[in-house]
Amino acid sequence: MNRTSLALRITVVCLAVAAVAVVVAGLVAARLIRTTGSDVLRQSLSAQADVVASQLDESGIGNRLRVGKAAEVVRGQGIDVVVRRPNGTIDGDGTVAAIAATKTGFSRSGTVVVEGRRYLVEVRAVGERGAAFALVQSTEIGEARGRTLVRNTVLALGAGLAVAAIAGLLLSRMLSRPLRRAASVANGMRAGRRDLRVPVEGPSEVADVAKSVNELADALRYSEARQREFLLSVSHELRTPLTAVTGFAEAIGDGVAEGEDARRAGQTIHREAERLERLVSDLLELARLGADEFRLDPARLDLAALVDECAAVWRLRCARQDVTLLVERPAGEVPVVADPRRLRQVVDGLAENALRVTPAGAPIVFSLVAADGQARLAVRDGGPGLAPEDYPVAFERGVLNRRYRDSRPVGSGIGLALAHGLITRMGGTLTAGPAPEGGAAFTVTLRLGRAR
């Protein structure tokens, strides 16, 4: 789908804002110019009427108005002078100026309309015998000046609009340039590049985008490195049982292994096949755990009863390897809300890991404690334990497998990661640390549920 660019949108927005501002400013300016022009014209006419009146007296009003210098000056400015003599006669009677002056009655100043045109009239009385004169001027002069001012104002506003368009274009390019770089880096990352970075510059929001893209590149590189390590680890784990299965199967097929040797070969094949099945199952469970469709069926259960059930199964398996299984739990129920099947899967997995590394004569302990609104179930062993720096990374896929597979029996490398994911999805925590028995302790912590 075609989308307009950010630069174009910013330019259009700047133009729109500038256009609205220009229109509003133009309307206000035109109104002010027209109003101010009329006021200035009226004040000027009033001042000139005062000047003319100061030079007249009642006895010489006629001669003075005909030949007086002030009257001649105002006539030269396009202003008509209308005289009303003491006997009531009006000079220039019938003219447009005389009609405009007559409408005021020679008693007030103001604006009148004659034949559809507006005129300003300034009236001044002369003496006490009823003589007066009026200065009459058409408003078209002021309106023409106002139109000139409006035209100049529009030109100035148009120039401002052009400047706003140029400024908007430059601003849009400045803002969109780092975003385009970020998009280019993102496209490179999509193509598999992980060495590309976006310069962190520009406004804070744009810089945040660049920083986020860089952090995403770092996270992808780290995640892919972990995936490669994990695949290498899984490949190593798969290769060993597959080699054994292939070798013994060929021996049986070729007739090399017969009788008791064939039986032992069959047992080995069965054992390695079970190991492969566990590994594949763990991989599938771990993959499903990260998917949205992974389901849990939480229910209220007695964690103490679950510990007893697990102990009944594992006590026999521990006895076969001369390992003592101890159970420490409080009397009565320890209610929690969790998925019973998944929680049993986690406990069995932790017990299997503990039994794998616990030597004969050493103990394994199921320890359950309920306190502070939490139930803590720890599976402790008397095995060799982990190095202090390994406890924080114990639940990362394949880490312990790679570090200890050459020195002790290890599992698939993903069992602890799967257990951690399951407990987290159930709202609890799974932690690792040293055990009092000398080995490692893995502790499941869940919130206590309400008793029945």
Side-chain angles (χ1 to χ4, degrees), residues 21-160:
V22 165
V23 171
V24 173
L27 293 175
V28 174
R31 177 67 178 175
L32 290 176
I33 288 172
R34 286 196 296 269
T35 303
T36 303
S38 298
D39 292 342
V40 170
L41 190 63
R42 182 178 293 107
Q43 292 173 4
S44 175
L45 190 62
S46 176
Q48 293 184 74
D50 292 338
V51 171
V52 173
S54 67
Q55 297 182 11
L56 298 178
D57 57 33
E58 185 177 4
S59 61
I61 185 171
N63 293 331
R64 293 284 181 91
L65 284 174
R66 287 190 179 92
V67 299
K69 292 182 178 180
E72 292 299 327
V73 170
V74 295
R75 286 193 180 100
Q77 297 176 5
I79 301 172
D80 294 317
V81 181
V82 180
V83 177
R84 188 182 71 178
R85 297 182 182 280
N87 59 7
T89 61
I90 299 175
D91 292 350
D93 195 13
T95 63
V96 173
I99 294 173
T102 302
K103 283 191 174 185
T104 65
F106 285 89
S107 60
R108 60 180 178 81
S109 300
T111 304
V112 298
V113 179
V114 179
E115 298 178 358
R117 299 174 64 182
R118 294 164 57 87
Y119 294 88
L120 295 177
V121 180
E122 285 292 332
V123 177
R124 296 293 184 273
V126 180
E128 298 178 355
R129 297 172 58 189
F133 73 91
L135 299 186
V136 181
Q137 185 177 22
S138 174
T139 59
E140 290 182 353
I141 298 176
E143 291 173 355
R145 294 173 181 174
R147 284 193 294 270
T148 302
L149 288 174
V150 169
R151 183 168 58 253
N152 294 337
T153 302
V154 170
L155 290 176
L157 293 176

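- Remark: S44 pairs with Q48 by the side chain to side chain contact (heavy atoms under 4.5 Å, CB included) rule, at least two apart or across chains.
- Listed here is the closest heavy atom pair of S109 and V123: OG-N, 3.1 Å.
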task: Begin with the C-alpha distance, continue with both residues' side-chain angles, and end with the deciding distance and a verdict on side chain to side chain contact (heavy atoms under 4.5 Å, CB included) for V81 and L135.
output: CA-CA 5 Å; V81 181; L135 299 186; 3.7 Å; yes

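- The shortest non-hydrogen separation linking A132 to A125 is CB-CA, 3.9 Å.
- R42 and T111 are linked by a side-chain donor-acceptor pair at a separation below 3.5 angstrom, with hydrogens and angles left out of the test.
- No side-chain heavy atom of D80 sits under 4.5 Å from any side-chain heavy atom of T95.
- Note that the CD atom of Q137 and the CG atom of L120 stand 6.5 Å from one another [nearest 0.5 Å].
- In terms of heavy atoms, V113 sits closest to K103 at O-NZ, 2.7 Å.
- The shortest heavy-atom contact between Y119 and V96 is OH-CG1, 3.3 Å.
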